[in-house]
Amino acid sequence: MTYIWINPVVREMYELESLNRFLAEKGFCPIECRTDWGQTVREKYQACIDASDRAVADVRCPAAAALLQSLPGHGGLKVPDIEPILLHCAREISGRPDLAGCRKLITTPCQALAEAGNLLGLPDTEFVAWNDFLNRLGAAIPGKALKKSPIPPGFFKDIKKSCSISGPETVKTHLKEGRWEGVSVVEMLYCSQGCHNGDGVTAG
């Protein structure tokens, strides 16, 4: 049996019954997480913010985090050791006793998350961008292009003095010019306005 975890962006692109039928026909069994990892990650960031005397960088997006890493001194931001929500989900699924010995696929909305996940070397677990998964199958399923992300910018909107930026040029400019001065946490998304524009779910 091959289990497959569908990321929220991909799930929003399709009618759920049709998606599950498509996957079953191809020999895959969809699986869900049992823990709200989004809330767990939010709590980890809050704890980091509370303990820091400078702005904390949001490193949930590996591509945005790579931009940050390229700057001297990380642009002055505090870089937390907190994995993306998707990797938390994958660790749960990979480590579940009831799935031991079975192949697990974790779909991602971008190549960067797939690469970051595969570097973990989780047992019987592979990360694959959704477009690559469909290419492997040599199949397609009718869906819709999303005009907005199911997880839009604003993850830290309830935290005082947070700010949110997206798009590579905006992120670069914001960091290089130190525009984060006076804020508590900087949300950074490489893809403009969210992961629905990731290279794993779009044509370009």
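The first residue in the sequence is number 1, and the count goes up from there.
- Nearest heavy atoms, Asn197 versus Cys191: O-SG, 3.6 Å.
- Within the 3.5 Å criterion, the main-chain N or O of Ser162 finds no donor-acceptor partner in the side chain of Glu187.
- Judged by distance alone, the side chain of Thr170 and the main-chain N or O of Ile165 form no donor-acceptor pair under 3.5 Å.
- Between Asn7 and Thr108, the side chains place no donor N or O within less than 3.5 Å of an acceptor N or O (distance only, hydrogens not considered).
- Residues Ser166 and Gln193 approach most closely at OG-N, 2.9 Å, considering heavy atoms.
- When every heavy atom of Leu99 is checked against every heavy atom of Ile93, the shortest pair comes out as CD1-O, 3.6 Å.
- When all heavy atoms of Ala114 and Ala129 are compared, the closest pair comes out as CB-N, 4.0 Å.
- One hydrophobic cluster, built from ILVMFWY side chains closer than 4.5 Å, cannot hold both Val59 and Phe127; they sit in different ones.
- Both Ile85 and Ile49 are assigned to one and the same hydrophobic cluster, defined by single-linkage of ILVMFWY side chains at heavy-atom distances under 4.5 Å.
- Judged as a side-chain hydrogen bond (donor to acceptor under 3.5 Å, both in side chains), not a single pair has a partner in residues 146-155 (not counting sequence neighbours).
- The hydrophobic cluster containing Leu105 also contains Val9, counting ILVMFWY residues as joined when their side-chain heavy atoms lie under 4.5 angstrom apart, directly or transitively.
- Taking the ring pair (Phe, Tyr, Trp, His ring centres under 6.0 Å) definition, one finds that Phe133 meets it with Phe28, Trp130, sequence neighbours left out.
- Side-chain contact between Arg96 and Lys104 is absent, with no heavy-atom pair separated by less than 4.5 Å.
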